Asks: 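Got a structure for you, questions after.
Order of listing sets the numbers, starting from 1, for every ligand and every atom in it. Since we're looking at a predicted model, the values are computed, not measured.
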Amino acid sequence: MIGVYGGTFNPVHYGHLRTALEVKELFGLQRLHLIPCRLPAHRGQPEADAEIRMQMLAAAVADTPGFYADRRELERDGPSYMVDTLAQLRRELSSATPLLLFIGADAFAGLERWHQWQRLFEFVHLVVMTRPGFQRGPLPPFLQQRVVDDSLLLSTAAAGRVLFQPVTALAISATEIRRLIAAGRSPQFLLPDRVIALIRQHQLYQATTDQ
Ligand code: ATP
């Protein structure tokens with residue numbers, strides 16, 4: 001089984017890395033592709049460009065076997081839709097290899113707004129990472145009929161199913177890390193030191209006067 005964990009990773013932090021490791025072990029993944037997306041043109045915070053987010057991610061996972069910092073979304077022109085990323089990855093794998101897309105419950109709540117979201121299931125199983133005690137609301141029939149409660153069922157097909165998987169969610173967010181740095185406070189112990197070194201080197205997330 002191969003996994004995909006997407007995000008903005010602006011910057012990558014231990015909340016991402018811990019859940020990534022948990023799911024890698026839980027599902028016995030041969031490889032987990034961590035794929036930074038491009039950012040929407042404007043957000044309200046100081047930002048790091050895609051290349052630097054990629055560098056931070058690569059530094060964070062360099063020593064972790066099975067973790068692969070995957071730059072494919074940065075190399076495509078035009079909007080980077082997850083469905084295109086997954087179609088491309090699927091072409092690189094045997095058609096029988098299960099491919100798992102991991103997303104947080106927050107991202108899952110907006111799934112129906114993703115470009116061609118129903119086509120995702122041609123390429124992957126969807127694993128929704130939840131906090132313990134998460135109660136899911138009613139799902140549209142398209143999703144409900146795909147839900148399985150046993151992770152073993154993900155290995156009996158290459159794609160098409162949905163599983164809700166509780167994981168340890170550390171109370172760390174990239175938004176909060178950017179705020180700390182902008183306020184001149186230390187982000188140490190929330191993310192790897194190598195990532196902090198890159199943030200310093202590139203002077204990322206500093207408060208700017210034009211905001
Ligand atoms: P931001 O604060 O900028 O919105 P973020 O920290 O939520 O960023 P993203 O890169 O947008 O990070 O998230 C990528 C994925 O990681 C999402 O699926 C999200 O649910 C998950 N994730 C983010 N933070 C955590 C955390 N602390 N614990 C577990 N999963 C997380």
Asks: Looking only at the aromatic ring of each residue, does the gap between the centers of Phe27 and Phe102 stay below 6.0 angstrom?
Replies: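 Judged by ring-centre distance (under 6.0 Å), Phe102 and Phe27 do meet the cut-off.
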
Asks: To which of Ala107, Gly104, Gly6 does the heavy atom nearest atom 15 (C) of ligand 1 belong?
Replies: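 Nearest heavy atom to atom 15 (C) of ligand 1 lies in Gly6.
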
Asks: Can you confirm if the aromatic rings of Phe142 and Trp117 lie within a centre distance of less than 6.0 Å?
Replies: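 Yes, close enough.
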
Asks: Going by the atom numbers of ligand 1, which of them fall below 4.0 Å from some non-hydrogen atom of Ile172?
Replies: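 In order of number, 24 (N), 26 (C), 27 (N).
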
Asks: With the threshold set at under 4.0 angstrom, would you say Arg178 reaches ligand 1 through any of its heavy atoms?
Replies: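 It does; at least one heavy atom falls under 4.0 Å.
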
Asks: Under 4.0 Å from a heavy atom of His16: give me the atoms of ligand 1 that qualify, with their elements.
Replies: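 Here the atoms of ligand 1 in question are 5 (P), 6 (O), 9 (P), 10 (O), 12 (O), 13 (O), 14 (C), 16 (O), 22 (N), 23 (C).
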
Asks: Below 4.0 angstrom from a heavy atom of Thr175, which ligand 1 atoms are there? Numbered from 1 as shown, please.
Replies: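 Listed by number with element, the hits are 1 (P), 2 (O), 3 (O), 4 (O).
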
Asks: Going by the order shown, which atoms of ligand 1 are within less than 4.0 Å of some heavy atom of Asp106?
Replies: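 Reading through ligand 1 atom by atom, the close ones are 19 (C), 20 (O).
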
Asks: Is it true that Tyr5 lies under 4.0 Å from ligand 1, counting heavy atoms only?
Replies: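 Within the 4.0 Å threshold, so yes.
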
Asks: Ligand 1 and Ala171, any nitrogen or oxygen pair closer than 3.5 angstrom?
Replies: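 No: no nitrogen or oxygen of Ala171 is under 3.5 Å from one in ligand 1.
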
Asks: N/O to N/O below 3.5 Å, does that happen between Met129 and ligand 1?
Replies: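 In fact, backbone or side chain, Met129 has no N or O that close.
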
Asks: How about His33 and Tyr5: are their ring centroids closer than 6.0 Å?
Replies: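 So the answer is no for these two rings.
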
Asks: Given 3.5 Å as the limit, does a donor-acceptor pair link the side chain of Arg161 with the main chain of Leu153, or not?
Replies: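 Here the side-chain-to-backbone pair exists.
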
Asks: Taking the six-membered ring for Trp and the full ring for Phe, Tyr or His, determine whether the centres of Phe164 and Phe108 are under 6.0 Å apart.
Replies: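 Here the rings of Phe108 and Phe164 have centres that are less than 6.0 Å from each other.
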
Asks: Less than 4.0 angstrom from a charged side-chain N to a carboxylate O is my criterion; do Arg90 and Glu122 meet it?
Replies: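 Looking at Arg90 and Glu122, the cut-off is not met.
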
Asks: Are any of the N or O atoms of Phe9 closer than 3.5 Å to those of ligand 1?
Replies: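 Such a contact does occur with ligand 1.
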
Asks: Do any heavy atoms of Asn10 fall under 4.0 Å from ligand 1?
Replies: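 It does not, in that no heavy atom of Asn10 comes within the 4.0 Å cut-off of ligand 1.
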
Asks: Number the atoms of ligand 1 from 1 as they appear, then name those within less than 4.0 Å of a heavy atom of Leu170, with their elements.
Replies: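 Near Leu170, the atoms of ligand 1 are 26 (C), 27 (N), 28 (N).
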
Asks: What's the shortest heavy-atom distance between Gly15 and Ile172, and which atoms?
Replies: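 Scanning both residues completely, I find the closest heavy atoms to be N-CD1, 3.9 Å.
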
Asks: Can you tell me if Thr130 and Gln165 form a side-chain donor-acceptor pair at under 3.5 Å?
Replies: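 Side chains of Thr130 and Gln165: no pair found under 3.5 Å.
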
Asks: Could you go through the side chain to side chain contact (heavy atoms under 4.5 Å, CB included) check for Val23 and Met129 one step at a time?
Replies: CA-CA 9 Å; Val23 297; Met129 301 179 291; 4.2 Å; yes

Asks: Consider every N or O of Ala174 and every N or O of ligand 1, then say whether any pair is closer than 3.5 Å.
Replies: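 Right, the criterion is met.
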
Asks: I'd like to check whether His13 has a polar contact with ligand 1, where a contact means an N/O of the residue lying under 3.5 Å from an N/O of the ligand.
Replies: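 His13 vs ligand 1: N/O contact under 3.5 Å present.
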
Asks: Just distances here: any N/O of Thr8 and N/O of ligand 1 closer than 3.5 Å?
Replies: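 Right, the criterion is met.
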
Asks: Gly7 heavy atoms, cut-off 4.0 Å: which ligand 1 atoms fall inside?
Replies: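 Answer for ligand 1: 10 (O), 14 (C).
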
Asks: Among Leu89, Val124, Val128, Val127, find the residue that satisfies the side chain to side chain contact (heavy atoms under 4.5 Å, CB included) test when tested with Leu101.
Replies: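 Answer after filtering Leu89, Val124, Val128, Val127: Val124.
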
